Amino acid sequence: MNELLSTIDSPKDLAKFSDDQLTQLAAEIREALCTVVSDRTAHFASNLGVVELCIALHLVYDFSQDRLIWDTGHQVYPHKLITGRYHEFPTMRRKGGLMGFPNPHESPYDLFMTGHAGSSVSTVLGLKTGDDLLGHDERKAVAVIGDGALPSGIVFEAMNNAAELKKDMLVILNDNEMGICPRVGGLGKTLDKARTTPLYGEFKKDISWILNQIPLVGGSVEKALVQTRDAIKASLHGGMLFEEMGFRYIGPIDGHDLATLREYLEMVKHLKGPVLLHIFTEKGHGFKPAAEDPVMFHTPPPFERNGHDSVVSVKKSSSRAYTNVASEAIHAAMRRDKRVSVLTAAMCEGNKLGKVRSEFPDRFFDTGICEGHAVAFAAGMAKAGARPVVDIYSTFLQRSFDQIFQEVALQNLPVTFCLDRAGLCGPDGPTHHGVFDIGYMRLFPNMVVMAPGDEKDVSAMLDFALDFDGPVSIRYPKTGADLVERPFAPIEIGHSEILEWGEDGTIVAFGATLAASIQAAARLRKEGLEIGVVNARFVKPLDTATIFRAIDETGFVLTVEEGVLAGGFGSAVLEAANAEGRRTDHIHRLGISDQFVEHGERGELLADLGLDAEGIFQAALQQVERAGVTKDWGNRLEHPA
């Protein structure tokens, strides 16, 4: 097993393989991919689809010198296997192991830690321009971008600039008719024309090659040749959009035909100016279940195989996730109110909106990977009287910062933002951890910023948001939803929920840290301490009445949040206390300091950051000691339970 793959220490080792061995190598890479997802979640179908492309690229180019950027980066597993990380591959997406995205700390073959779609053309253009400026103009530059990422606005900004600069660079359009879900929009229909063209294969290659050799000189001859060239290329379908944008379009070709891929890559390698090579691939290629259901197998839960072409079982979580609770609340709201619609940016499956899409197709809008457009689109709908819900991952909503500011908050429009994957995203790592949204959402005037403490809060907060006459942000993590048993307090703007009150100290939890805070407080009460717990619910407007009462009446205040401390919930508490002249020396903040958090299981990361029940308990003990709380509990401070 993996007799060839295990011998690869660098891409240079590929040169020793025959054509038959390269075919075997592709099969071994796919087997390695299947092994990884047998016991953990990992990006799967997208990696299966680029095996031959990855091998061909490393055969034709020398990326120890040349430049390669994989757009989004979740299809980088074959690249990692070929660039000397085979023996580390079992650690993929585990704490301390290989990252599921490109990582410059792992290998010089990974140039950027790419986890968001669309930036590859810009960064490759920058790399090529920088190399030229520094005297390394022999270096080649290649970006691999999928058709799902292609509609991102930044892609067209970069292509426009590249055409002006006329830099020698190659953009490979990996067209599999998919993002995470099937692609949407008019650009996809344009690409589909290339799939139906009868002019394909060797004839098209020969024509493209001939056209690239035509010297365009001299008046009417030049004009005639240009017209002839463009007329022939227009007849080939699918590529005129890119030609008009200043890219030389070549293809489409079969992205699983290794020999053809190598031939075309050799052909375009030395062409001058920006080139786009259009290849067709199949997401999930080589593993039948993934090819038949590439949406489910994009990032599947662990599964067992029966041979190479069937799945015996898929391991599913028994707990209801916050994502499911939120999608059900959105679905219920849409049933009640015809003004309510939902917008997502290519994340229908991730946000569990399939039921909404099926039942309300006229009020479900997938904009593709175009978050800024989605937010501005929602603003227009809100201005017209609708009640749009923008359901986007926290880390991806950052891409629409300006539209949140200009089109929504500045206009004070009733757009509801559901920030899925807020907080730590576990094995996806620093590109996907949604830890900055508290700070960037609370910046804006008119914006209400909330986080549910448990499952009960979710639907109540959504109902509040849809009734509120202004923008509202609701954040929740990628994890099973907690359920805190208590008499439920209705959602009122700027009001927290007091679960316990105690004179020795108060733990104020913002969001999904509530359950762990309750557990920590229960342990402290067993130690004889009277510790209160507050479900903050709002960071903006902040419940200053409850916060100031805790500051004035209890021994310490400990804020807990699953986000960065800078600009976060604890910062809001300190700002409010300072503005009112309250003492702040006994306020302590738990959250994420000035760092990017690496990948690992969510529970592991919370423990490392002191945001699990044990970490909150220990932090509270430290505050008890600092506050000088005196209780008859012996030496427990020195030897806590």
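Note that the structure is predicted; figures quoted are calculated from it, not measured.
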J.: Run the ring pair (Phe, Tyr, Trp, His ring centres under 6.0 Å) test on Phe396 and His432 for me, step by step, so that the C-alpha distance in whole Å, both residues' side-chain angles and the decisive distance to 0.1 Å come before the verdict.
T.: CA-CA 8 Å; Phe396 297 145; His432 280 55; 5.4 Å; yes
J.: Considering only heavy atoms from C-beta outward, does the side chain of Ser122 approach that of Ile154 to under 4.5 Å?
T.: yes
J.: Do we see a donor-acceptor contact under 3.5 Å between the side chains of Asp254 and Thr260?
T.: no
J.: Determine yes or no for a side-chain-to-main-chain donor-acceptor pair under 3.5 angstrom, with Arg93 supplying the side chain and His43 the backbone.
T.: no
J.: Is the shortest side-chain heavy-atom distance between Leu68 and Val144 below 4.5 Å?
T.: yes
J.: Val356 versus Ser327: any side-chain heavy-atom pair under 4.5 Å?
T.: no
J.: Could you state the interatomic distance from OG (Ser120) to CG (Leu111), rounded to the nearest 0.5 Å?
T.: 12.0 Å
J.: Output the distance between atom CD1 (Ile55) and atom CD1 (Ile29), rounded to the nearest 0.5 Å.
T.: 4.0 Å
J.: Quick check: does any side chain N or O of Thr72 sit under 3.5 Å from a backbone N or O of His74, one acting as donor and the other as acceptor?
T.: no
J.: Taking Lys80 for the side chain and Phe101 for the main chain, is one N or O donor matched with an acceptor at less than 3.5 Å?
T.: yes
J.: Return yes when atom CD of Gln595 has more than 12 non-hydrogen atoms of other residues, nucleotides or ligands closer than 6.0 Å, and no otherwise.
T.: yes
J.: For the backbone of Phe280 and the side chain of Asp175, can you confirm whether one donor and one acceptor N or O come within less than 3.5 Å of each other?
T.: no
J.: Before you tell me yes or no, could you show the steps for Phe405 and Tyr440 under ring pair (Phe, Tyr, Trp, His ring centres under 6.0 Å), namely the whole-Å CA-CA distance, both residues' side-chain angles and the distance that decides it to 0.1 Å?
T.: CA-CA 10 Å; Phe405 161 35; Tyr440 75 71; over 10 Å; no
J.: Tell me, do His58 and Thr83 make a side-chain contact under 4.5 Å, heavy atoms counted?
T.: yes
J.: Measure from the side-chain N and O atoms of His433 to the backbone N and O of Val597, and report whether any donor-acceptor pair falls under 3.5 Å.
T.: yes
J.: Would a 4.5 Å heavy-atom cut-off, applied to side chains only, mark Phe89 and Leu33 as touching?
T.: yes
J.: Short question: side chain of Asn47, backbone of Val76 - any donor-acceptor pair under 3.5 Å?
T.: yes
J.: Would you call Asp110 and Arg85 a salt bridge, taking side-chain N to carboxylate O under 4.0 Å as the test?
T.: yes
J.: Just by distance, do the side chain of Glu407 and the backbone of Ala379 share a donor-acceptor pair under 3.5 Å?
T.: no
J.: Return the orientation label for the Phe596 and Phe436 ring planes: parallel under 30°, perpendicular over 60°, tilted otherwise.
T.: perpendicular
J.: Counting N and O atoms only, with roles assigned by atom type, does the side chain of Ser473 sit under 3.5 Å from a partner on the main chain of Phe417, one being a donor and the other an acceptor?
T.: no
J.: If we ignore hydrogens and angles and just use 3.5 Å, is the side chain of Asp66 paired with the main-chain N or O of Lys140 as donor and acceptor?
T.: yes
J.: For the CG atom of Asp137 and the NZ atom of Lys167, what is their distance to the nearest 0.5 Å?
T.: 9.0 Å
J.: To the closest 0.5 Å, what do you measure between OG1 (Thr323) and CG (Asp391)?
T.: 8.0 Å
J.: Could you check whether any side-chain N or O of Arg442 sits under 3.5 Å from a backbone N or O of Gly567, counting only pairs where one atom can act as donor and the other as acceptor?
T.: yes
J.: Any idea how Phe377 and His373 line up, ring-wise: parallel (<30°), tilted (30 to 60°), or perpendicular (>60°)?
T.: parallel
J.: Taking atom CZ of Arg139 as the centre, does the number of heavy atoms from other residues, nucleotides or ligands within less than 6.0 Å exceed 12?
T.: yes
J.: Could you check whether any side-chain heavy atom of Lys12 comes within less than 4.5 Å of a side-chain heavy atom of Asp62, counting everything from C-beta outward?
T.: yes
J.: Does any non-hydrogen side-chain atom of Leu22 lie less than 4.5 Å from one of Arg262?
T.: yes
J.: What do the steps show when you test Asp71 against Val155 for side-chain contact (heavy atoms from CB on, under 4.5 Å), and what is the final call?
T.: CA-CA 11 Å; Asp71 202 276; Val155 176; 5.5 Å; no
J.: Calculate, to the nearest 0.5 Å, the distance between atoms CZ and CZ belonging to Arg40 and Arg94 respectively.
T.: 4.0 Å
J.: About how many Å separate CE of Met159 and CE of Met169, when rounded to the nearest 0.5 Å?
T.: 8.0 Å
J.: Going by heavy atoms in the side chains, are Asp420 and Tyr476 under 4.5 Å from each other?
T.: yes
J.: Parallel, tilted or perpendicular for Phe510 and Phe569, by the 30°/60° rule?
T.: parallel
J.: Check the pair Leu81, Ile8 against side-chain contact (heavy atoms from CB on, under 4.5 Å), reporting the backbone distance first and the verdict last.
T.: CA-CA 8 Å; Leu81 287 166; Ile8 296 177; over 6 Å; no
J.: Would Leu53 and Leu57 count as a side-chain contact (heavy atoms from CB on, under 4.5 Å) here? Give the steps.
T.: CA-CA 6 Å; Leu53 173 61; Leu57 280 167; 4.0 Å; yes
